[in-house]
Amino acid sequence: MLPESEPAPRVMRRPLSPKPLLDEQMVLAAFSQAGAKTQHAYRMWRHILHEGVEDLSTIPELPKSALQILQRDFVLTTSKVKRRSDSSDGSTTKLLVELQDGQLVESVIMRYGCVQLSSFPEEKLTKNDEGELEFRSNQRATLCISSQVGCAMGCTFCATGTMGLIGNLAAGEILEQLYHANKVERIRNIVFMGMGEPLDNYSCVISAIRAMTDVRRFSLSPSRISVSTVGVVPRLLQLADDAPGISLALSLHAPNQTIRSEIVPSGKAWHIDRVIDAMDTFIGKQSKVLARKVKVVVEYVLIRDVNDMPEVAHELGRLLANRSVMLNVIPYNKTDVPHDYLAPTREGSDLFCSIVRSYDVKTCLRQELGNDIAGACGQLVVETLQRGKRAAGTGAGSTGECADNGACGSPKQQPKKKVGVVAANGVGGDHDDDDEDAEGSGAKAADIEDLRVGGFGNGGARQRVQSKKVSDKEFAAATRKLQKAALHAQTAGAGAGAVKAATAMTARERYLRLLALALLIVVVLRILPRLL
């Protein structure tokens, strides 16, 4: 329960007609209306997702009453891929997804193992028949996914934050991004690091995660799903209970409240001490569920003369020391936000990382994939929306034009053939499955480190977005208003309580199945000797 002083939530719902067929809540409500058993819905999803069925009438034993409602009110996908951009080295594919109401979001597919990362450790290389070292790594694909159109958090270094929050994605729309991506590449890992704050659209994100991990639907392991957040404390405390086994990435960006409030204005709603305590609680709960110590990836955008000073590095090292975390340092790339931020020097970045490592904190310095296709989620969408506002005469400001490579308002850059993560302790960015740096972290560490392509506004060829400047006081006031809304449940229909109960039911079903199997084995072992 929220304190009585908190305002009622401002739910950013977007009515959908027709409705997404992958949305569990909407479909089950339709089945209930038709008097059909819910088991038929899960059978339907299995045929669609596992067997590639698109014609619902071909699904056996689907009740006619339910079929009529589904054909009348639902479609397989309410969104479509408007544009696809592929990097020259084949490591990255960016999908611009147009939603039913014309809004745009981006999803980015990152392929590991097909391109040698520049920091791939030499000891991980193998020798060929000629005795030369060569790159070999397990191939896998990770999808960076969006949970909202725009974002209310207003991080000052992120161009996506200049959009504000336009609306939440329904669970079905989130899942459609995975459905579209699976047609390009078989997705192995999911990171909620695209547009939006996932915990600000909590119930829909939890519902989508349940579908992703359901063996009757997308059948992904919870350990291969990572949720990134700036630290919406009430939701962060719930997350381990509602989505056991998933991984967490915390966007920290500063070691103290003063600096963090400047970089992440929404952080004024929750003191950094509360955020860290909530992270520790998450680690404790997930470690208990998984029966091993888990790690949280702490993300840190490094900005020159703002949060990259040696004394700040020492403070960060002291804060993270003796905690089960891995620090992912991301050098800021200049973009047109209402702040004159500068990227750190390479020497400054290396010094910062070395200082933090001196506190025995595993630290990685991130490099980027997909530079030649503007591989940062959310940037092209911002440009498109701003251009639309200008055309409508809203005075959104001047913007650049789209280049052929999909990067808006910026020159086409030469692709980099080798990119990756410079990691501590001699371990590089693209790891094999048994990499010790990934041990206990849930999802693959390299996948989490490299795939923060959306919320930071700092990837690839940069889009040039002109934003109206507002005073710090106005900016903080507006952000606080939006952030208070995130304290309350983003309810839809049965609400988050029903989602939690449904999650628990799934776990209970699995337990009962295992118990029944064990009893069956006992009975067989007792009867079999008598028969013989």
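Here the structure is a predicted model, which means the values were calculated and not measured. Values reported hereafter were calculated over all heavy atoms of this structure, with side chains retained and with hydrogens, waters and symmetry mates removed.
Note that OG of Ser107 is 9.0 Å distant from CD1 of Ile190, once rounded to the nearest 0.5 Å. Distance CG/Leu248 to CZ/Phe192: 13.0 Å, rounded to 0.5 Å. Atom CG of Asp86 and atom OG1 of Thr92 lie 9.0 Å apart (nearest 0.5 Å). Atom OG of Ser287 is separated from atom NZ of Lys285 by 12.5 Å, given to the nearest 0.5 angstrom. Arg304 CZ to Tyr341 OH: the interatomic distance, rounded to the nearest 0.5 Å, is 14.5 Å. Rounding to the nearest 0.5 angstrom, the gap separating the CG atom in Leu178 from the CG atom in Leu143 is 6.0 Å.
At a threshold of 4.5 Å between non-hydrogen side-chain atoms, the residues Val264 and Met153 do not count as touching. Put simply, the side chain of Lys295 reaches to within 4.5 Å of the side chain of Lys362, judged on heavy atoms. By the 4.5 Å heavy-atom criterion applied to side chains, Ile263 and Val306 are counted as neighbours. In this structure the side chain of Leu316 reaches within 4.5 angstrom of the side chain of Leu252, judged on heavy atoms. The side-chain heavy atoms of Ile246 and Val227, taken from C-beta on, include a pair separated by under 4.5 Å. Taking 4.5 Å as the limit, every side-chain heavy atom of Ile330 sits out of range of all side-chain heavy atoms of Tyr300. The side-chain heavy atoms of Glu262 and Thr156, taken from C-beta on, include no pair separated by under 4.5 Å. Considering only heavy atoms from C-beta on, Ile283 comes within 4.5 Å of Met279 through its side chain.
Side chain of Ser354 to main chain of Leu351: a donor-acceptor pair is present (N/O by atom type, distance under 3.5 Å, no hydrogens or angles). Listed for the Asp360 side chain is no donor-acceptor partner under 3.5 Å among the backbone atoms of Asn322. Side-chain N or O atoms of Arg323 include none that pairs as donor or acceptor with a backbone N or O of Asp280 at under 3.5 Å. Panel note: side chain Thr213, backbone Pro222; no donor-acceptor pair is recorded below 3.5 Å. No donor-acceptor pair under 3.5 Å is formed between the side chain of Glu185 and the backbone N or O of Ile187. Although no hydrogens or angles enter the test, the distance criterion places a donor-acceptor pair under 3.5 Å between the side chain of Asp308 and the main chain of Asp305. For the pair Gln148 (side chain) and Met195 (backbone), a donor-acceptor distance under 3.5 Å is absent. With hydrogens and angles ignored, the 3.5 Å screen pairs a side-chain donor or acceptor of Thr363 with a backbone N or O of Val361. Using a distance-only test at 3.5 Å, with no hydrogens or angles considered, a donor-acceptor pair links the side chain of His271 to the main chain of Asp273. A donor-acceptor contact shorter than 3.5 Å links the side chain of Ser324 to the backbone of Val294.
When all heavy atoms of Glu106 and Ser146 are compared, the pair lying nearest together is O-OG, 2.9 Å. The two atoms that bring Ser247 and Ser223 nearest to each other are OG-O, 3.9 Å, heavy atoms only. Closest heavy-atom contact between Met193 and Ser226: CE-OG, 3.9 Å. In this structure, Ile272 and Ala254 approach most closely via the heavy-atom pair CD1-O, 3.4 Å. Looking at every heavy atom in both residues, Glu299 comes nearest to Ser228 through OE1-OG, 3.1 Å. Ala343 and Tyr332 get closest at one heavy-atom pair: CB-O, 2.8 Å.
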TODO: Please test Arg235 against Thr229 for side-chain hydrogen bond (donor to acceptor under 3.5 Å, both in side chains), starting from the C-alpha separation and ending with a verdict.
DONE: CA-CA 10 Å; Arg235 292 310 190 192; Thr229 177; over 6 Å; no

Open item on the list: Show, in sequence, the C-alpha distance, side-chain angles and deciding distance for Met326 and Val296, and conclude whether the side-chain contact (heavy atoms from CB on, under 4.5 Å) test is met.
Closed with: CA-CA 6 Å; Met326 179 163 56; Val296 166; over 6 Å; no

TODO: Starting from the C-alpha separation in whole Å, work towards a yes-or-no answer on side-chain contact (heavy atoms from CB on, under 4.5 Å) for Ile174 and Ile145.
DONE: CA-CA 7 Å; Ile174 295 173; Ile145 207 165; 3.9 Å; yes

Open item on the list: Please evaluate residues Leu175 and Phe218 with respect to the criterion side-chain contact (heavy atoms from CB on, under 4.5 Å), reporting the C-alpha separation (whole Å), side-chain torsions for both, the decisive distance (0.1 Å), and the verdict.
Closed with: CA-CA 9 Å; Leu175 294 171; Phe218 289 96; 3.9 Å; yes

Task: Working for side-chain contact (heavy atoms from CB on, under 4.5 Å), residues Leu104 and Val97 - done: CA-CA 6 Å; Leu104 301 171; Val97 179; over 6 Å; no

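A salt bridge is defined here as a Lys NZ or Arg NE, NH1 or NH2 lying under 4.0 Å from an Asp or Glu carboxylate O, and Arg210 with Asp214 fails to meet this definition.
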